Amino acid sequence: MSIEYVVVSEGEQDEPIELPTEEDGSLLLSTISAQFAGASGLKYRAGGRLRGLRLADDRVLPPAEGWAAHHYFCAFPRTDAPTPTPRPRCSDLIVLGLPWKTGEEAVRDYFAAFGELLMVQVKRDTKTGLSKGFGFIKFADYDAQLRALGRRHMIDGRWCDVRIPNSKDGGSAAHRKVFVGRCTESLTADDLREYFGAFGQVTDVFVPKPFRAFSFVTFLDPEVAQSLCGQDHIIKGVSVNISTASPKRERGARSQLLGWGLLEGGAPRVYSWPPDAWQHSAHSAHSAHSTAPPDAKPYLKYE
DNA sequence: GTTGAGCGTT
């Protein structure tokens with residue numbers, strides 16, 4: 001095949017230049033970039049659509065119909081690269097509040113709707129084989145993990161909570177959690193989740209039961225939590241105060257602080273702990289919650 | 001009425 005010239009412009013509307021092909025009929029990428037710095041390939045318009053040309057060993061290959069059939073213009077690497085933030089890895093997630101009767105299969109069936117599952121476990125008493133009322137799951141896709149962490153789950157007639165377990169590394173609750181003071185009884189966990197969800201993904205809301213005038217909100221991103229500390233916010237007409245989630249008085253042993261995820265102790269780090277209290281939420285008062293079987297036992301207690 | 005449930009036999 002003899003050398004021919006290919007009509008190439010930088011953008012579709014720009015003035016074209018003729019570029020020489022190689023003996024094998026290909027167009028060297030270096031020939032293109034000599035004229036159009038940064039170009040990474042060629043494309044052309046076929047009918048209404050854009051078509052890209054094959055690139056092999058830094059050579060752009062002609063379309064089946066030959067070079068002469070089209071005018072070409074350059075493709076460039078994305079510059080507005082959507083922040084090549086490496087996707088965070090999925091962690092094991094703990095599923096709390098499972099009905100006694102619920103086994104791996106039901107848990108898998110339920111969470112498969114969020115994404116591919118790599119692991120499902122329901123923890124059981126080794127002697128009796130009875131479920132302990134919690135289990136662990138792991139997703140393949142971090143987006144699935146985010147979706148699962150962002151809400152509660154109705155499994156076999158019970159509301160269940162999914163959270164990051166306290167026994168694995170990955171981020172201490174200490175910096176992801178805020179204390180919300182001056183709460184009134186009118187502020188439900190749903191209210192708080194909805195309100196604070198506007199600032200960043202909320203992974204946990206804890207509302208003490210019976211009522212106490214505070215709550216805890218845990219975010220996925222520690223920077224969101226930290227940015228809110230020291231502020232007063234008005235939620236449903238209630239002025240609440242946000243501060244760091246550490247007790248005003250050291251009331252306990254280091255082990256307790258460790259337990260709340262407030263100290264970075266030695267070995268296993270603690271986070272997203274304790275769970276939220278959704279028992280008061282509008283959701284659980286109605287709808288699916290009331291479908292819980294009448295013989296449902298209080299969980300975490302054996303008989 | 002401003003500081004919290006519960007966490008993995010391998």
Side-chain angles (χ1 to χ4, degrees), chain A residues 91-100 104 107 118-138 149 152 158-187 189 192-193 202-219 225 228-233 235 238-253 255-263 265 267-280 297-302:
Chain A
S91 52
D92 288 6
L93 301 175
I94 188 167
V95 185
L96 292 161
L98 290 172
W100 304 119
E104 267 92 359
V107 173
L118 300 178
M119 183 271 289
V120 175
Q121 297 175 342
V122 171
K123 291 302 170 186
R124 299 171 184 282
D125 184 287
T126 42
K127 293 197 179 83
T128 66
L130 292 173
S131 167
K132 291 185 173 180
F134 68 90
F136 293 87
I137 59 174
K138 185 172 189 175
L149 281 170
R152 284 187 319 147
R158 275 195 69 97
W159 284 114
C160 300
D161 296 311
V162 169
R163 56 191 81 263
I164 298 167
N166 65 12
S167 53
K168 295 269 174 89
D169 285 351
S172 163
H175 300 112
R176 299 194 291 118
K177 190 185 298 196
V178 296
F179 173 84
V180 183
R182 295 199 311 260
C183 290
T184 65
E185 211 157 0
S186 65
L187 288 179
L192 295 172
R193 187 176 280 266
V202 173
T203 61
D204 184 55
V205 176
F206 178 86
V207 176
K209 196 180 86 163
F211 171 73
R212 307 231 263 143
F214 64 86
S215 300
F216 288 97
V217 175
T218 306
F219 293 91
L228 292 170
C229 286
Q231 300 180 1
D232 291 317
H233 284 239
I235 308 174
V238 178
S239 172
V240 302
N241 176 260
I242 303 168
S243 56
T244 173
S246 66
K248 277 210 165 113
R249 293 178 190 169
E250 282 236 355
R251 56 216 343 280
S255 64
Q256 172 155 16
L257 293 175
L258 277 167
W260 298 128
L262 299 170
L263 267 188
R269 266 195 213 137
V270 179
Y271 42 125
S272 187
W273 184 250
D276 54 7
W278 288 88
Q279 286 82 357
H280 286 319
K297 298 167 185 167
Y299 68 108
L300 291 182
K301 292 235 187 278
Y302 295 101

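Note on naming: letters A, B, ... go to the chains in the order of the sequence lines (proteins, then strands), and numbering restarts at 1 for each one. All values derive from a computational prediction rather than experimental measurement.
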Exercise for review: Search all heavy atoms of A/K138 against all heavy atoms of A/S91 and return the closest pair with its distance.
Suggested key: CG-O, 3.9 Å

Exercise for review: Send over the distance from A/L98 CG to B/dG8 P, rounded to a whole Å.
Suggested key: 15 Å

Revision key, fill the gap. Separation of B/dG4 atom C1' from A/K177 atom NZ, nearest Å, is 6 Å

Point to revise | Which residues share a side-chain contact (heavy atoms from CB on, under 4.5 Å) with A/T126, sequence neighbours left out | key: none

Practice item. Indicate, with a heavy-atom threshold strictly under 4.0 Å, whether A/S215 touches base, sugar-phosphate, or nothing. Key: nothing

Check your understanding: Do A/R182 and A/D232 meet the salt-bridge criterion of a basic N to acidic O distance under 4.0 Å?
Key -> yes

Point to revise | Nearest-Å distance for atom pair CG/P, residues A/L96 and B/dG8 | key: 11 Å

**Study point:** Sequence-distant partners of A/E104, side chain to side chain donor-acceptor pair (under 3.5 Å), two or more places apart
**Key:** none

Review point. Under 5.5 Å between ring centres and under 30° between planes: true for A/F134 and the base of B/dG8?
Key: no

Exercise for review: Would you mind reading off the distance between A/I164 atom CD1 and B/dG8 atom P, rounded to a whole angstrom?
Suggested key: 17 Å

Point to revise | Nearest-Å distance for atom pair CZ/C1', residues A/F211 and B/dT3 | key: 14 Å

Review point. When the distance from CZ of A/F136 to C1' of B/dT9 is rounded to whole Å, what number comes out?
Key: 13 Å

Review point. Considering only side-chain heavy atoms of A/R212, which listed nucleotide, B/dG8, B/dT2, B/dG4, is closest?
Key: B/dG4

Practice item. For A/F214 and B/dT3, give me the distance from atom CZ to atom P, rounded to whole Å. Key: 6 Å

**Study point:** Nucleotide nearest A/N241 (side chain, heavy atoms from C-beta), chosen from B/dG8, B/dT9, B/dT2
**Key:** B/dT2

Check your understanding: Can a donor-acceptor pair under 3.5 Å be found between the side-chain atoms of A/K132 and the base atoms of B/dG8?
Key -> no

Practice item. Output yes when at least one side-chain N/O atom of A/K123 is less than 4.0 Å from OP1 or OP2 of B/dT9, else no. Key: yes

Practice item. Using the aromatic ring of A/F179 (for Trp, its six-membered ring), decide whether it stacks on the base of B/dT3 within the limits of 5.5 Å and 30°. Key: yes

Revision key, fill the gap. Picking from B/dG8, B/dT2, B/dG4, the nucleotide nearest the side-chain atoms of A/F216 would be B/dG4

Exercise for review: Take the angle between the ring planes of A/F179 and A/F216 and call it parallel below 30°, perpendicular above 60°, tilted in between.
Suggested key: perpendicular

Practice item. Starting from P on B/dT3, measure out to NE2 on A/H175 and report it in whole angstrom. Key: 20 Å

